[in-house]
Amino acid sequence: MDESELRKRVLGGKKTERLVFAVTPEMKTAMEKVAEEECASVSAILTALATEKVLEHRALFAKEGE
């Protein structure tokens, strides 16, 4: 599966699932500062970071796209 196809697959469609994880207060504050600097939401930044990591490992998804 190429990068474009995988990106469409993981980002397309209705967002119905939630991923919840714990962070330190310092991490939360840092992410809020980054989000403010980039004029984005923390959620958008986390989604972008997760997408980058999925794309780095796109070979794991090669058979699913066939």
Side-chain angles (χ1 to χ4, degrees):
M1 181 177 309
D2 72 12
E3 183 176 324
S4 177
E5 290 171 352
L6 183 55
R7 183 180 298 276
K8 288 175 188 174
R9 181 172 169 207
V10 298
L11 294 175
K14 187 175 179 184
K15 310 300 188 270
T16 59
E17 300 296 319
R18 299 211 182 275
L19 181 64
V20 179
F21 59 97
V23 296
T24 63
E26 295 82 5
M27 176 62 83
K28 181 180 180 215
T29 300
M31 290 303 300
E32 289 169 341
K33 285 183 181 181
V34 170
E36 184 178 341
E37 179 67 23
E38 294 193 5
C39 297
S41 67
V42 171
S43 179
I45 291 173
L46 292 174
T47 299
L49 291 170
T51 301
E52 287 176 23
K53 190 55 73 171
V54 167
L55 292 174
E56 285 177 20
H57 296 280
R58 67 179 166 264
L60 297 171
F61 305 93
K63 290 184 180 180
E64 294 178 24
E66 295 175 355

Trainee: Using the rule that two of Ile, Leu, Val, Met, Phe, Trp, Tyr join whenever any of their side-chain heavy atoms come within less than 4.5 Å, decide whether Met31 and Val20 are in one cluster.
Mentor: no
Trainee: Please say yes or no: joined through hydrophobic side-chain contacts below 4.5 Å, possibly via intermediate residues, are Leu49 and Val23 part of one cluster?
Mentor: yes
Trainee: Enumerate the side-chain hydrogen bond (donor to acceptor under 3.5 Å, both in side chains) contacts for residues 43-56, please, sequence neighbours excluded, ordered by first and then second residue.
Mentor: Lys53-Glu56
Trainee: Give, for atom OG of Ser4 and atom CZ of Arg9, the distance between the pair rounded to the nearest 0.5 Å.
Mentor: 13.5 Å
Trainee: If you look only at distance, which donor and acceptor atoms sit under 3.5 Å apart when one is on a side chain in residues 32-39 and the other is two or more places apart or in another chain?
Mentor:
none

Trainee: Please check if Leu60 and Leu55 belong to a single hydrophobic cluster, counting links between Ile, Leu, Val, Met, Phe, Trp and Tyr side chain heavy atoms closer than 4.5 Å.
Mentor: yes
Trainee: So Val54 and Phe61, do their side chains get closer than 4.5 Å, heavy atoms only?
Mentor: yes
Trainee: Going by side-chain hydrogen bond (donor to acceptor under 3.5 Å, both in side chains), name the residues that satisfy it together with Arg7, two or more places apart in sequence or in a different chain.
Mentor: Glu3
Trainee: Write down the atom of Glu5, the atom of Asp2, and the distance for their closest heavy-atom approach.
Mentor: N-OD1, 2.7 Å
